[in-house]
Amino acid sequence: MTDFEENLRARLARNAELAAERARAEEEMDLARQRAEEQERQRQAELAKDRSKRHATLATSCQELVDQLKATAPDQFVVRTGWTSTGEEYIAKISTRQLSPARTLFIELDRDDDEVLARWTTDVGNTIELWRLLEVTPEMLGEMLLQIADQELWDTATAPPPYPPASDERPTISE
């Protein structure tokens with residue numbers, strides 16, 4: 001056998017080794033990509049589950065607060081609450097009756113969009129606010145419902161009251 005034939009066989013053998021290594025590396029990359037995709041699917045499913053849980057917690061809290069408001073002063077507030085037909089949004093609409101200035105607070109908790117919308121429609125102006133679901137707490141909802149009931153706040157109002165700050169905007173107090 002000549003040197004050329006030996007070199008040719010050695011290179012062809014090396015090419016076959018490289019092709020096998022490349023095939024193994026591609027298989028490993030495919031497996032790694034599949035694992036990463038599965039982890040991402042699991043992460044997204046967990047986030048959706050958490051979002052649904054937060055949504056349910058806020059919806060339950062809002063319903064309880066609205067029920068308390070209505071029970072305390074049934075002649076002063078008109079309350080409409082419920083779920084949309086898709087079950088994606090919980091909506092609460094609270095309007096005043098026999099109070100001046102007239103005011104309506106609309107709250108929409110949207111699970112799929114991961115948002116909370118609050119809108120004041122009043123005789124002294126309108127405002128709207130949008131938060132991420134995670135930023136809203138039951139306490140914030142309670143503050144807004146207290147605002148609609150606070151006649152002293154509205155007696156001299158020239159605009160709707162400011163919205164309570166989102167939970168991540170709240171100042172921390174340390175001792």
Side-chain angles (χ1 to χ4, degrees), residues 36-175:
E37 288 171 357
E38 179 58 29
Q39 287 174 343
E40 180 61 19
R41 276 192 293 275
Q42 289 175 356
R43 189 180 77 78
Q44 290 299 326
E46 195 64 33
L47 288 174
K49 182 180 169 185
D50 290 347
R51 185 170 48 243
S52 290
K53 185 177 176 182
R54 285 191 311 269
H55 184 267
T57 299
L58 286 175
T60 300
S61 175
C62 189
Q63 186 66 53
E64 289 171 358
L65 293 167
V66 168
D67 289 347
Q68 289 176 24
L69 178 71
K70 180 67 175 170
T72 302
D75 58 324
Q76 293 181 359
F77 300 100
V78 177
V79 174
R80 289 189 172 69
T81 61
W83 294 88
T84 59
S85 59
T86 62
E88 177 186 333
E89 296 101 3
Y90 172 83
I91 295 174
K93 182 179 179 186
I94 305 95
S95 300
T96 58
R97 184 187 318 171
Q98 305 169 354
L99 294 175
S100 182
R103 50 202 179 261
T104 298
L105 176 61
F106 177 85
I107 300 170
E108 178 183 306
L109 308 172
D110 190 323
R111 179 189 61 233
D112 290 348
D113 291 337
D114 197 30
E115 296 174 339
V116 175
L117 172 113
R119 179 175 61 225
W120 282 112
T121 306
T122 74
D123 287 347
V124 294
N126 306 320
T127 60
I128 192 166
E129 187 74 22
L130 187 65
W131 296 283
R132 304 302 299 164
L133 198 60
L134 185 60
E135 298 169 340
V136 177
T137 63
E139 291 78 21
M140 287 175 65
L141 297 174
E143 287 179 46
M144 285 187 278
L145 291 173
L146 287 174
Q147 288 175 334
I148 199 168
D150 188 352
Q151 188 58 42
E152 188 177 336
L153 174 72
W154 290 93
D155 281 340
T156 58
T158 57
Y163 290 99
S167 61
D168 62 351
E169 297 172 3
R170 295 185 184 281
T172 56
I173 300 172
S174 57
E175 295 181 32

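Basis for what follows: all heavy atoms, side chains included, without hydrogens, waters or symmetry-related copies. Here the structure is a predicted model, which is why all the values come from computation and not from measurement.
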- request: Could you grab the distance from atom OG of Ser61 to atom CG of Leu145, nearest 0.5 Å is fine?
  value: 9.0 Å
- line: Residues Val66 and Ala92: closest non-hydrogen pair is CG2-CB, 4.4 Å
field: Exam field: side chain Arg119 to backbone Ile128, donor-acceptor pair closer than 3.5 Å
entry: no
message: For the NZ atom on Lys70, are there more than 12 heavy atoms of other groups (residues, nucleotides or ligands in this structure) within a distance under 6.0 Å?
response: yes
query: Is the shortest heavy-atom distance from the side chain of Pro160 to the side chain of Thr122 under 4.5 Å?
result: yes
field: Ion pair check, Arg43 and Glu40, cut-off under 4.0 Å
entry: yes
query: Would you say Arg80 has more than 12 foreign heavy atoms packed within less than 6.0 Å of its CZ?
result: no
- request: Any chance you could lay out the side chain to side chain contact (heavy atoms under 4.5 Å, CB included) test for Arg54 and Asp114, step after step, and finish with the verdict?
  value: CA-CA 9 Å; Arg54 285 191 311 269; Asp114 197 30; 3.2 Å; yes
message: So does Asp112 get a backbone contact from the side chain of Glu89, meaning a donor-acceptor N/O pair under 3.5 Å?
response: no
- prompt: Is there a donor-acceptor pair closer than 3.5 Å between any side-chain N or O of Ser95 and the backbone N or O of Val78?
  reply: no
- request: Enter the distance from Glu143:CD to Thr137:OG1 here, rounded to the nearest 0.5 Å.
  value: 7.0 Å
field: Thr104 side chain near Trp120 side chain, heavy-atom distance below 4.5 Å
entry: no
message: Before you tell me yes or no, could you show the steps for Thr81 and Tyr90 under side chain to side chain contact (heavy atoms under 4.5 Å, CB included), namely the whole-Å CA-CA distance, both residues' side-chain angles and the distance that decides it to 0.1 Å?
response: CA-CA 7 Å; Thr81 61; Tyr90 172 83; 3.4 Å; yes
message: Taking Ala102's backbone N and O only, do any of them form a donor-acceptor pair with Trp154's side chain (distance below 3.5 Å, no angle check)?
response: no
query: Crowded around Glu37 CD? As in, over 12 foreign heavy atoms under 6.0 Å?
result: yes
task: For Ala71 and Pro74, work out which heavy atoms get closest and say how close.
output: O-CD, 3.7 Å
query: How far does SG of Cys62 sit from CD1 of Ile107, to the nearest 0.5 angstrom?
result: 4.5 Å
message: Looking at every non-hydrogen atom in both residues, tell me the closest pair between Pro138 and Leu65 and how far apart they are.
response: O-CD1, 3.8 Å
field: Straight-line distance of Met144 CE to Leu105 CG, nearest 0.5 Å
entry: 6.0 Å
- request: Test salt bridge (Lys or Arg N to Asp or Glu O under 4.0 Å) on Glu115 and Arg132 and set out the steps.
  value: CA-CA 4 Å; Glu115 296 174 339; Arg132 304 302 299 164; 3.6 Å; yes
query: Taking atom CZ of Arg111 and atom CZ of Arg51, what is their separation to the nearest 0.5 Å?
result: 9.0 Å
message: Let me confirm one number: the CD-CD1 distance from Gln147 to Ile94, rounded to the nearest 0.5 Å.
response: 12.0 Å
- request: State, to 0.1 Å, how close Pro164 and Trp131 come at their nearest heavy-atom pair, and which atoms those are.
  value: O-CZ2, 3.7 Å
- request: Please confirm whether the backbone N or O of Lys53 pairs with a side-chain atom of Thr57, one donor and one acceptor, at under 3.5 Å?
  value: yes
field: Stepwise side chain to side chain contact (heavy atoms under 4.5 Å, CB included) check, Glu88 with Asp110
entry: CA-CA 6 Å; Glu88 177 186 333; Asp110 190 323; 2.7 Å; yes
- request: State whether the side chain of Tyr163 and the backbone N or O of Thr127 hold a donor-acceptor pair below 3.5 Å, judged by distance alone.
  value: yes
task: Could you tell me which non-hydrogen atom of Thr121 sits nearest to which non-hydrogen atom of Asn126, and how far apart they are?
output: CA-OD1, 3.2 Å
message: One pair to check against side chain to side chain contact (heavy atoms under 4.5 Å, CB included): Thr158 and Val124. What are the steps and the verdict?
response: CA-CA 5 Å; Thr158 57; Val124 294; 5.7 Å; no
field: Least distance between heavy atoms, Arg97 atom then Asp75 atom
entry: CD-O, 3.6 Å
field: Passing candidate, side chain to side chain contact (heavy atoms under 4.5 Å, CB included) with Pro161, options Leu146, Asp150, Ile148, Leu153
entry: Leu153
message: When you compare the side chains of Glu46 and Gln42, does any donor N or O come within less than 3.5 Å of an acceptor on the partner?
response: no
